[in-house]
Amino acid sequence: MEEYHRHCDEVGFNADEAHNIVKECVDGVLGGEDYNQNNINQWTASIVEQSLTHLVKLGKAYKYIVTCAVVQRSAYGFHTASSCFWDTTSDGTCTIRWENRTMNCIVNVFAIAIVL
């Protein structure tokens, strides 16, 4: 089953490739930082803008939506959900979870194929 999904990803949205791109962006922005409320807007904007720029540079026929949430780590946890109505053979999504000792970050990438 795993090989089948990897093969399908080559035809449609490559979630592994997107995951690696976004993880590098998050590491670059948040790596080595401690949670600071004053920096959240700048950090989240940088993460979504850099991720989007790198995804578009892949030159694939997709429209992308990138969301990012950064929250201070707490005992309460952090939960998100999303739902999409689209063509599962060509469109796709991936979620990148990142954390350090002071904060959690969740980035969602939604890729919608452009039909020419």
Hey, could you give me the [atom1]/[atom2] distance between [X] and [Y], rounded to the nearest 0.5 Å?
X      : Y      : atom1 : atom2 : result
Phe110 : Tyr64  : CZ    : OH    : 14.0 Å
Asn108 : Ser51  : CG    : OG    : 11.5 Å
Ile106 : Thr67  : CD1   : OG1   : 9.0 Å
Ser74  : Asn104 : OG    : CG    : 8.0 Å
Asp91  : Thr93  : CG    : OG1   : 10.5 Å
Cys68  : Glu49  : SG    : CD    : 11.0 Å

Going by heavy atoms in the side chains, are Val56 and Tyr62 under 4.5 Å from each other?
->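 The answer is no, as the side chains (C-beta and beyond) never meet within the 4.5 Å cut-off.
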
Check: Arg97 and Val107 side chains under 4.5 Å, non-hydrogen atoms |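 Of all side-chain heavy-atom pairs linking Arg97 with Val107, none is under 4.5 Å.
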
Taking atom CZ of Arg73 as the centre, does the number of heavy atoms from other residues, nucleotides or ligands within less than 6.0 Å exceed 12?
->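 Correct, the count exceeds 12.
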
Give a yes-or-no answer on whether the side chains of Asn36 and Trp43 include a donor-acceptor pair shorter than 3.5 Å.
->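 No donor-acceptor contact under 3.5 Å links the two side chains.
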
Regarding Tyr35 and Glu33, is there a side-chain donor-to-acceptor distance under 3.5 Å anywhere?
->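 Looking only at side-chain atoms, Glu33 and Tyr35 do not form any donor-acceptor pair under 3.5 Å.
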
Identify whether Val48 and Leu52 are in the same connected component of the hydrophobic contact network (ILVMFWY, side-chain heavy atoms under 4.5 Å).
->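 Yes, same cluster.
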
Output yes when a side-chain donor or acceptor of His19 lies under 3.5 Å from a complementary backbone atom of Ala15, and no otherwise.
->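 Here the side-chain-to-backbone pair does not exist.
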
Please report the C-alpha distance between Trp98 and Val22 in whole Å, then the side-chain angles of each, then the deciding distance to 0.1 Å, and finally whether the side-chain contact (heavy atoms from CB on, under 4.5 Å) criterion is met.
-> CA-CA 10 Å; Trp98 184 97; Val22 173; over 6 Å; no

